[in-house]
Number of protein chains: 2
Amino acid sequence: MYKGPEVLSFWRLALLSSIRDNGPDLTSRQMYILLTIYMSQPPHTVRGLAAQMQVTKPVITRALDSMEKLGFLKRAPDESDKRSILIQRTVKGAVFLRDFADTIEDPALTAE
Amino acid sequence: MYKGPEVLSFWRLALLSSIRDNGPDLTSRQMYILLTIYMSQPPHTVRGLAAQMQVTKPVITRALDSMEKLGFLKRAPDESDKRSILIQRTVKGAVFLRDFADTIEDPALTAE
DNA sequence: GCAATATGTTTCGTTGCCGAAATGATAGCA
DNA sequence: TGCTATCATTTCGGCAACGAAACATATTGC
């Protein structure tokens, strides 16, 4: 585990790599949602994410809109409760996260 | 060093803590600038940061405006070249970063 | 001294996110 | 059947960020 100044150093270099990477720059909330979809067990719903993050549901809806437009995830109807939707992964989203992990893990990849 | 999925897990939990923290939510660029001011040797100038981050100068100017308004840093004139400014630390900025480090280091701090 | 260059800021128009409130659709319950 | 609650979305006005270009000021070089 990183401790003290180390964690800030890591965070700083990771940010720099990601800033220079010229990919779509997601907000913290968008990034957290994306990571959750890919790293945590389904099902994922708007209300579930909103509760977890302690934000309102429109925040989730809008973040999903943005990332669905990018092709990083997709919505699917929940047949057992038609008020709900299920948020699902896409290949493009998986690739994006894989690249992101590589980028922040090894800052040299985007060094000048 | 974190590797593979680990780095994403760490990043995800750190984001969640920071989202729930109810502090000012800085953009990636703002956060990187702030970390640089506090962790890297002065002098720090607009042009220097812009070059480092590979962004345009207005991006830096506006980020400095935001964070100066928050009291996280201050501008000081460079007497040796009056076209330049020097970006300096503040107590409030140091406290913010210290809290941020604590928060992302120990997600339990903001657990429900 | 004066044109060319460099620094940081401001302006312009655009885009995107925010919270709060209202809406449409579905489900639960009596 | 109706009433209420829940889920997600949309709307509204406001705020903040973006890139590109123009700007004011200061410095450099001929």
Side-chain angles (χ1 to χ4, degrees), chain A residues 15-16 18-37 42-88 96, chain B residues 15-16 18-37 42-88 96:
Chain A
L15 283 178
L16 180 59
S18 129
I19 289 165
R20 288 172 140 186
D21 200 31
N22 282 327
D25 55 330
L26 307 181
T27 64
S28 299
R29 292 167 175 198
Q30 291 170 348
M31 192 65 188
Y32 176 77
I33 290 172
L34 195 59
L35 284 166
T36 299
I37 304 306
H44 300 292
T45 62
V46 173
R47 71 185 176 288
L49 289 169
Q52 206 175 126
M53 297 167 64
Q54 301 176 353
V55 298
T56 59
K57 288 191 289 183
V59 167
I60 308 297
T61 294
R62 287 182 294 233
L64 295 181
D65 289 343
S66 304
M67 291 186 292
E68 200 170 26
K69 196 180 301 178
L70 290 170
F72 289 173
L73 51 79
K74 59 187 174 188
R75 289 167 162 104
D78 179 347
E79 293 303 338
S80 73
D81 183 341
K82 294 192 173 177
R83 292 171 304 179
S84 279
I85 61 158
L86 302 176
I87 309 164
Q88 299 183 329
F96 173 81
Chain B
L15 283 177
L16 181 59
S18 126
I19 289 165
R20 287 172 140 185
D21 201 30
N22 282 327
D25 54 332
L26 307 182
T27 65
S28 300
R29 293 166 175 198
Q30 290 171 350
M31 192 65 189
Y32 176 76
I33 290 170
L34 195 60
L35 284 167
T36 299
I37 304 307
H44 301 292
T45 62
V46 172
R47 70 185 177 289
L49 289 169
Q52 205 175 129
M53 297 168 64
Q54 301 177 352
V55 298
T56 59
K57 287 189 293 180
V59 167
I60 308 297
T61 294
R62 287 182 294 235
L64 295 182
D65 289 343
S66 304
M67 292 186 293
E68 199 170 27
K69 196 181 302 178
L70 289 170
F72 289 173
L73 52 79
K74 59 187 173 187
R75 290 168 161 103
D78 178 348
E79 294 302 338
S80 73
D81 182 343
K82 293 192 176 178
R83 292 172 303 180
S84 279
I85 61 158
L86 302 175
I87 309 163
Q88 301 184 327
F96 173 80

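Note on naming: letters A, B, ... go to the chains in the order of the sequence lines (proteins, then strands), and numbering restarts at 1 for each one.
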Scan B:I60, B:I87, B:L73 and name whichever one has a side chain to side chain contact (heavy atoms under 4.5 Å, CB included) with B:H44.
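Exactly one pass, corresponding to B:I87.
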Between A:D78 and B:G48, which has a closest nucleotide on DNA chain C that is more 5'?
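The answer here is B:G48.
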Without decimals, in angstroms, what is the distance between [X] [atom1] and [N] [atom2]?
X	N	atom1	atom2	result
A:H44	D:dA8	NE2	P	13 Å
B:R62	C:dT10	CZ	C1'	10 Å
B:Q54	D:dC18	CD	C1'	17 Å
A:L86	D:dA8	CG	C1'	13 Å
A:K82	C:dG24	NZ	C1'	16 Å
A:I33	D:dA8	CD1	C1'	14 Å
B:I85	C:dT10	CD1	P	11 Å
A:L64	C:dC18	CG	P	12 Å

Spell out, as yes or no, whether a donor-acceptor pair under 3.5 Å connects the side chain of A:E68 to the backbone of A:R75.
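Looks like yes, one N/O pair under 3.5 Å.
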On the nucleotide [N], are OP1 or OP2 found under 4.0 Å from the side-chain N or O atoms that [X] carries?
X	N	value
B:Q30	D:dA16	no
A:R75	D:dT9	yes
A:R47	D:dA8	yes
B:R29	D:dG19	yes
A:T56	C:dA20	no

Nearest-nucleotide pick for [X], side chain only, options being [options]:
X	options	answer
B:T61	D:dG19, D:dT9, C:dT10	C:dT10
A:V46	D:dA17, D:dA21, D:dA8	D:dA8
B:D81	C:dA21, D:dT27, D:dC18	D:dT27
B:V59	C:dT9, D:dC18, C:dC18	D:dC18
A:S66	C:dG8, D:dA17, C:dC17	C:dC17

Residue pair A:I19 / B:R29: nearest heavy atoms and the distance that separates them
CD1-CA, 3.9 Å
Heavy-atom pair with the smallest gap, counting every atom of B:L86 and B:P77
CD1-O, 4.3 Å
Under 4.0 Å, counting only non-hydrogen atoms across every strand here, what does A:K57 touch: a base, just sugar-phosphate, or nothing?
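Base contact - A:K57 has a heavy atom under 4.0 Å of at least one base atom.
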Between the base of C:dG24 and the side chain of A:R83, is one N or O donor paired with an acceptor at under 3.5 angstrom?
no
Spacing of A:D78 atom CG and A:I85 atom CD1 [to the nearest 0.5 Å]:
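Going from the CG atom of A:D78 to the CD1 atom of A:I85 covers 9.5 Å.
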Reading DNA chain D from 5' onward, which residue's closest nucleotide shows up sooner: A:D25 or A:I60?
A:I60
Quick one, B:S84 and B:R47 - any side-chain contact, counting heavy atoms below 4.5 Å?
yes
